[in-house]
Amino acid sequence: MADNNNQNQQTQDVNQLLKVRREKLAALQEAGKDPFVQTKYDQTHHTDEVAALYNELEAKLLAGRVAPSTEGLSEEEAKQVINDDYNERRAIMDANPIHVSIAGRMMFKRVMGKASFCNIQDLKGKIQVYVARDVIGEDPYADFKKSDIGDIYGIKGYVFRTKTGEISIHAESLELLSKSLQILPEKFHGLTDTDTRYRQRYVDLIMNEESKSTFVKRSKILAAIRRFLADQDFMEVETPMLVANPGGAAARPFETHFNALDEDLKLRISLELYLKRLIVGGLERVYEIGRVFRNEGLDTRHNPEFTLMELYQAYTDYNGMMDLTENMYRYIAQEVLGTTTITYQGVEMDLGKPFERITMVDAVKKYSGVDFNEIKTLEEARAIAKEKHIEFEEWHQKGHILNLFFEEFVEEHLIQPTFVMDHPIEISPLTKKKPSDPNYVERFEMFMNGWEMCNAYSELNDPIDQRQRFELQDANAAAGDEEAEHCDEDFLNALEIGMPPTGGIGYGIDRLCMLMTDSPAIRDVLLFPTMKSLDK
């Protein structure tokens, strides 16, 4: 009962505070000071630039000046010497003022009679602002005293260093640019707030510096990918999201209906088949960074919509794709983190060393003791699966069972960057067979931290072989495989026109961002992750 009373009291208190904020807004509007009529503000600097400029000028103007000695002085005398030194330094700096205009959200305020301090936060950080009534005027100061945490201000003034050493702005004018009508939380951390952080990312970005840093870093990762690929002469392109036949991956699609054409369509699950059409068309190096949609579960590494990067390069194979992938990952890490060593949840991974390369058969033999080179028939594969307690479906072939062994025994051990090559043909319907063994294909997946990070092929360009592979996928679908691909006649027509030997890569941006920002869950690197509705 007491808890209910406390909760009711808190709700009443919050409602009263919200009411007061709206009353303050109404008073400002009645006085002709409506902040929402502002359309722009002349922002000359961000907070980090202000500090850098002041430090640079201070180093120049005060070069060679040493701190005064207080040895042998009484406490009062020492205080006077330090104060005199501060005033002299301040006079030198104030004679050469740095005038700035900043804008941001007020995160702290302390009113002290005729003068006040506040902290203003912008994209690049926070800075203290000193607001004096005698400088900005009585009416503006009275309005400022009524301001609330969360209000957005534009402030013009000059930079100085306080006696405690903090670089600050001495406000000469300030302007309320937006009134905050909601109350920011005092704390926005901890497991109890995780759900709210994801649902109200805008509040999370205000209150959580680590969250803001993560998404700034994500933007840098995307920019680094684009720079790397531009230097390799790749073209960035865009392909359809709404498709009649989603292909290029093993996944269940989302379905929708297009009213104008009265047709059922699906959201794409991959970028692959349209990008290969462009290779057919003579665009020799293409890539796309775009959203794809898979109707699958939610967990720490999966979200139903995520960002995929896929590229295709004519006249190369999966060996060329391995070299490109290794160089790309190394480049991104160096550009974004300043090092090729990544530490994720305490585990260190080195992108600076050559990546290990191992076949899937050898990896399974290494970690399970089972050599699939010695297993000749489906019956033998099923028998060893039962012996090792690996569950399989009736429609699974030998290659599917090999892949189940890999998932069960191998993946968790692949911590350092590793290319797992030469996958069974049954799980690779779009990949070229190995000339030396047609039961396997020229495909690799790159693993780090026990996670699949990248999938790449020597792309299948034989339209007759591709049709047969599609037919097998259709048969799998009929047998119960909900993630099987389906025959795409237009894509087959493109292959019949003729596609050169081609290498391709696909990898999820979100999982890469998790590693490079040390984020434990995919939702931590998605600005607006998929969430269950609160009323469900």
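Just so it is clear, the model here is predicted, and its values are computed rather than measured. FYI, the numbering just counts along the sequence from 1.
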Residue pair [X] / [Y], side-chain heavy-atom distance below 4.5 Å:
| X | Y | result |
| --- | --- | --- |
| Ile509 | Ile225 | yes |
| Met514 | Tyr344 | yes |
| Arg523 | Thr194 | no |
| Gln416 | Glu356 | no |
| Pro429 | Leu472 | no |
| Val203 | Gln182 | no |

Can you confirm whether the side chains of [X] and [Y] place a donor and an acceptor under 3.5 Å from each other?
| X | Y | answer |
| --- | --- | --- |
| Ser180 | Asp148 | no |
| Thr307 | Arg218 | yes |
| Arg443 | Ser428 | yes |
| Arg268 | Thr239 | yes |
| Asn119 | Arg110 | no |

Please report the shortest heavy-atom distance between [X] and [Y], naming the atom on each side.
| X | Y | result |
| --- | --- | --- |
| Gly247 | Ser270 | O-CB, 3.2 Å |
| Gly508 | Leu308 | N-CD1, 3.9 Å |
| Gln313 | Ile279 | N-CD1, 4.4 Å |
| Thr359 | Val420 | C-CG1, 4.4 Å |
| Leu515 | Met453 | CD1-CE, 3.6 Å |
| Met321 | Ala456 | CB-CB, 4.3 Å |

If you take the centroid of each ring, where Trp contributes its six-membered ring, are Tyr329 and Tyr507 closer together than 6.0 Å?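 Yes, the ring of Tyr507 comes within the 6.0 Å limit of the ring of Tyr329, centre to centre.
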Is it the case that atom [atom1] in [X] sees more than 12 heavy atoms from other parts of the structure closer than 6.0 Å?
| X | atom1 | value |
| --- | --- | --- |
| Glu210 | CD | no |
| Lys365 | NZ | no |
| Glu394 | CD | no |
| Gln334 | CD | yes |
| Lys220 | NZ | no |

Return the set of residues passing salt bridge (Lys or Arg N to Asp or Glu O under 4.0 Å) with [X] (not counting sequence neighbours), or none when no residue passes.
| X | answer |
| --- | --- |
| Arg201 | Asp204 |
| Lys266 | none |
| Glu442 | none |

If the condition is side-chain hydrogen bond (donor to acceptor under 3.5 Å, both in side chains), which residues does Arg469 pass it with, not counting sequence neighbours? Asp465
SB check [X] [Y] (cutoff 4.0 Å):
| X | Y | answer |
| --- | --- | --- |
| Glu380 | Lys376 | no |
| Asp231 | Arg285 | no |
| Asp488 | Arg277 | yes |

With side chain to side chain contact (heavy atoms under 4.5 Å, CB included) as the test, would you mind laying out the steps for Leu324 and Leu311 before giving the verdict? CA-CA 11 Å; Leu324 187 144; Leu311 66 82; 3.8 Å; yes
Please list, chain by chain and in numerical order, all residues satisfying ring-ring contact (aromatic ring centres under 6.0 Å, His included) with His413, sequence neighbours excluded.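 Tyr367.
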Would you please name every residue forming a ring-ring contact (aromatic ring centres under 6.0 Å, His included) with Phe409, sequence neighbours left out?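 Checked Phe409 against ring-ring contact (aromatic ring centres under 6.0 Å, His included); matches are Phe405.
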Once the angle between the rings of Phe406 and His423 is folded into 0 to 90°, is it parallel (under 30°), tilted (30 to 60°) or perpendicular (over 60°)? tilted
Once the angle between the rings of Phe491 and Phe470 is folded into 0 to 90°, is it parallel (under 30°), tilted (30 to 60°) or perpendicular (over 60°)?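 The arrangement is perpendicular - the two ring planes meet at more than 60°.
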List the steps and the verdict of side chain to side chain contact (heavy atoms under 4.5 Å, CB included) for Arg161 and Asn55. CA-CA 10 Å; Arg161 190 185 292 276; Asn55 282 325; 3.0 Å; yes
What's the verdict on ring-ring contact (aromatic ring centres under 6.0 Å, His included) for Phe228 and Tyr331, showing C-alpha distance, side-chain angles and the deciding distance? CA-CA 7 Å; Phe228 177 86; Tyr331 174 87; 5.5 Å; yes
Step by step, would you call Asp510 with Asn303 a side chain to side chain contact (heavy atoms under 4.5 Å, CB included)? CA-CA 9 Å; Asp510 310 305; Asn303 193 70; over 6 Å; no
Check whether Asp317 reaches the backbone of Gly320 with its side chain - one donor and one acceptor, N or O, closer than 3.5 Å. yes
